[in-house]
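First listed ligand is number 1; within each ligand, the first listed atom is number 1. No experiment lies behind these values; they were computed from the predicted model shown.
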Amino acid sequence: MSFHNMWAELLPIGRSSASGGYRRFAWTAADADCRAWFRDQATSRGLTYEVDRNGNQWAWLGDPTAGDAVVTGSHLDSVPDGGAFDGPLGVVSSFAALDELRSRGARPVKPVAVVNFGDEEGARFGLACVGSRLTAGQLTVEQAHRLTDGDGTTLPQAMEAAGYDPETIGPDPERLARIGAFVELHVEQGRALDLTGDAVGVASSIWPHGRWRFDFRGEANHAGTTRLADRRDPMLSYAETVLAARREAEHADAVATFGKISVEPNGVNAIPSLVRGWLDSRAADQERLDTVVHGIEKAARAHAEAHGIGLDVVRESFTPVVEFDHALRDELARILGRDKAPDLAVPVLGTGAGHDAGILSGTVPTAMLFVRNPTGVSHSPAESAAEDDCVAGVLALADVLEGLACR
Ligand code: HGY
Ligand code: MN
Ligand code: MN
């Protein structure tokens, strides 16, 4: 099983020695190293290697233009100090599943490909799934060109610096039209499989979710000499909004997180002029999500107005609810269920985590496999999965690829 060696090769790339977490951000040196690793895996297997107009990487077994392809893969980028498995497990498992197919002597009658979608986490430019959104036409070229990181570098500038031509980006309907099915394997970002005792499960849906930026504008002043009554401190409105987010999410049985903040001028002894907070909120259905976000914004505006604070709220990223293709979902469950006792069902589970598969699901029949995460922890250096479970995921993916591409 080639999984172990590939995993060991990829593991050190982009890992912070300080935190043990990963900092594989789009179009950075760590991203370039991950891309080089992907290219080497493709070429060393004699696969046809391509980089598409949006910088996504493809490794083809068979004719890329033949159509009705079975594609698998995921992403290699990470959130700041993310874990080792979120994304890379899907890409490594895809190459290992191809190796497994070949070792079985399986003969695909359709093209099979492994894909690495660029910038899935949106850690640098703030928008999730940039590579797959561009390809699926869910992000316009103009919107993409306006994406800017915290240092003021735009996406085109970052792509150019990484040696890619940003002028080529845009929708790629011809490429997607050649795909008959996309199956993404991903580490579970939760504990459902740990609770069922299964190593592998099938995805049913993805919660609607989005990212909103709250800009609280106050008045910079001296922290030591300004009377409390004379202050317009945006940090107070931000703090009230964070607590309101927790209240609204609890009330709606949803989730809401302010995980990123930037403060200007960000001095210990200076009352801020600007506090910028990013909200990530998700819920089982759109109505609930709308209620939560509306409630948070209402509380933010009430506090800001009462304290003379300016407030702008901008939705920076949004993904509607995803219901994976039922026929493909059921086919994966049938294939995975073959080795189970008749009375033991294959777990079919929803998730609050976004994926490239969610973006593609509007254009291509799409499904996901989840591999057990014993603690459920993700987006953290503590993210983990047992190697036996990873191997079980590879074998399950190989069964799925064989079932979809060899008959
Ligand atoms: O945020 C997410 O759910 C995914 O990890 N991009
Ligand atoms: Mn993630
Ligand atoms: Mn992911």
Proximal atoms of ligand 1 relative to [X] (non-hydrogen, under 4.0 Å):
| X | result |
| --- | --- |
| His379 | 1 (O), 5 (O) |
| Ala353 | 3 (O) |
| Gly354 | 2 (C), 3 (O), 4 (C), 6 (N) |

Item checked: Phe38 CZ to Gln57 CD distance, which is reported to the nearest 0.5 Å ->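 Reported value, rounded in 0.5 Å steps: 5.5 Å.
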Notebook entry, point to check: Can you tell me how far the CG atom of Asp119 sits from the CG atom of Leu127, to the nearest 0.5 Å?
Noted result: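 The distance works out to 7.5 Å.
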Margin query: Just to verify, what does Phe25 make a ring pair (Phe, Tyr, Trp, His ring centres under 6.0 Å) with, not counting sequence neighbours?
Written below: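 Per chain and number, Phe25 pairs via ring pair (Phe, Tyr, Trp, His ring centres under 6.0 Å) with no residue.
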Is a donor from one side chain sitting under 3.5 angstrom from an acceptor on the other, for [X] and [Y]?
| X | Y | result |
| --- | --- | --- |
| Asn373 | Gln189 | no |
| Glu240 | Ser237 | no |
| Asp325 | Thr366 | no |
| Asn5 | Glu9 | no |
| Glu323 | Ser205 | no |

Margin query: Looking only at N, O or S atoms, which one in His379 sits nearest to the Mn ion (ligand 2)?
Written below: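 Considering only N, O and S atoms, His379 comes nearest to the Mn ion (ligand 2) through NE2.
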Check: Considering distance alone, does some N or O of Glu120 sit under 3.5 Å from an N or O of ligand 1?
Finding: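 Such a contact does occur with ligand 1.
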Next item on the list: Could you count the protein N, O or S atoms found under 2.8 Å away from the Mn ion (ligand 3)?
Entry: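 Of the protein's nitrogen, oxygen and sulfur atoms, 3 lie under 2.8 Å from the Mn ion (ligand 3).
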Next item on the list: Take Arg24 and Asp77, measure what salt bridge (charged side-chain N to carboxylate O under 4.0 Å, His left out) needs, and give me the verdict at the end.
Entry: CA-CA 5 Å; Arg24 296 168 173 167; Asp77 68 307; over 6 Å; no
Notebook entry, point to check: With respect to atom 1 (O) of ligand 1, which of Arg282, His186, Glu121, His355 exhibits the smallest heavy-atom separation?
Noted result: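 It is Arg282 whose heavy atom sits nearest to atom 1 (O) of ligand 1.
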